[in-house]
Amino acid sequence: MSQLSAIQKEKFLAISGHAYSGKALKGRFSTKRPYNQDDYPYSPWLFSYIIELDTGNLICELVHRMTNNRIYGWDREGNELPETVLYKYFTPHL
């Protein structure tokens, strides 16, 4: 299952500020649009994501040098994933 569901694509856009290209199961890029804010005036955030091939789960991380990272994840129906799944891929920085 390499394709994101419609709700996962909405979540991806809402966090990263960019539409999912549909080309990769994982990736990392800078975004000047965290949380899809068109008018974000500060330095870029780093957005990383992983799509689990077997489950289709989307797990992503939003990082900025001035704050703790934020880790999110959703199954194909848009339900939030438990920390045990999220933390397999990204470690919280507290």
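All residue numbers in this chain count up from 1 along the given sequence.
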So if you build clusters from Ile, Leu, Val, Met, Phe, Trp, Tyr with side-chain heavy-atom gaps below 4.5 Å, do F29 and Y42 land together? yes
Can E61 and Y49 be said to form a side-chain hydrogen bond (donor to acceptor under 3.5 Å, both in side chains), step by step? CA-CA 6 Å; E61 177 188 48; Y49 70 93; over 6 Å; no
Single-linkage hydrophobic cluster L58~I15, side-chain heavy atoms < 4.5 angstrom: yes
Say whether F90 and L81 are linked into one hydrophobic cluster, either directly or through other cluster members, by side-chain heavy-atom distances under 4.5 angstrom. yes
Any chance you could lay out the side chain to side chain contact (heavy atoms under 4.5 Å, CB included) test for E77 and S5, step after step, and finish with the verdict? CA-CA 7 Å; E77 287 77 41; S5 68; over 6 Å; no
Test side-chain hydrogen bond (donor to acceptor under 3.5 Å, both in side chains) on Y40 and W45 and set out the steps. CA-CA 10 Å; Y40 184 73; W45 290 65; 2.8 Å; yes
Any side-chain heavy-atom pair of H64 and P34 under 4.5 Å: no
Would L25 and L86 show up in the same hydrophobic cluster when neighbours are defined by side-chain heavy atoms closer than 4.5 Å? no
Test your reading of the model: is there a side-chain donor-acceptor pair from Q8 to the backbone of D75, 3.5 Å cut-off? yes
State the OG1-CZ distance between T55 and R76, to the nearest 0.5 angstrom. 9.0 Å
What distance separates N57 CG from W74 CH2, expressed to the nearest 0.5 Å? 11.5 Å
Output yes when a side-chain donor or acceptor of T31 lies under 3.5 Å from a complementary backbone atom of S16, and no otherwise. yes
Any ion pair linking K88 and E52 (charged N to carboxylate O, less than 4.0 Å)? yes
In sequence, state the C-alpha distance, the side-chain angles, and the governing distance for S30 and F47, and then conclude on side chain to side chain contact (heavy atoms under 4.5 Å, CB included). CA-CA 6 Å; S30 290; F47 178 78; over 6 Å; no
A quick test of your reading: do over 12 heavy atoms of other residues, nucleotides or ligands sit less than 6.0 Å from CD of E80? no
So the salt bridge (charged side-chain N to carboxylate O under 4.0 Å, His left out) pairs with at least one residue in residues 19-35 (sequence neighbours excluded) are R33-D38
Under 4.5 Å between side-chain heavy atoms, hopping through other hydrophobics if needed: is there a path connecting Y35 to F12? yes
N69 side chain to L62 main-chain N or O, any donor-acceptor pair under 3.5 Å? no
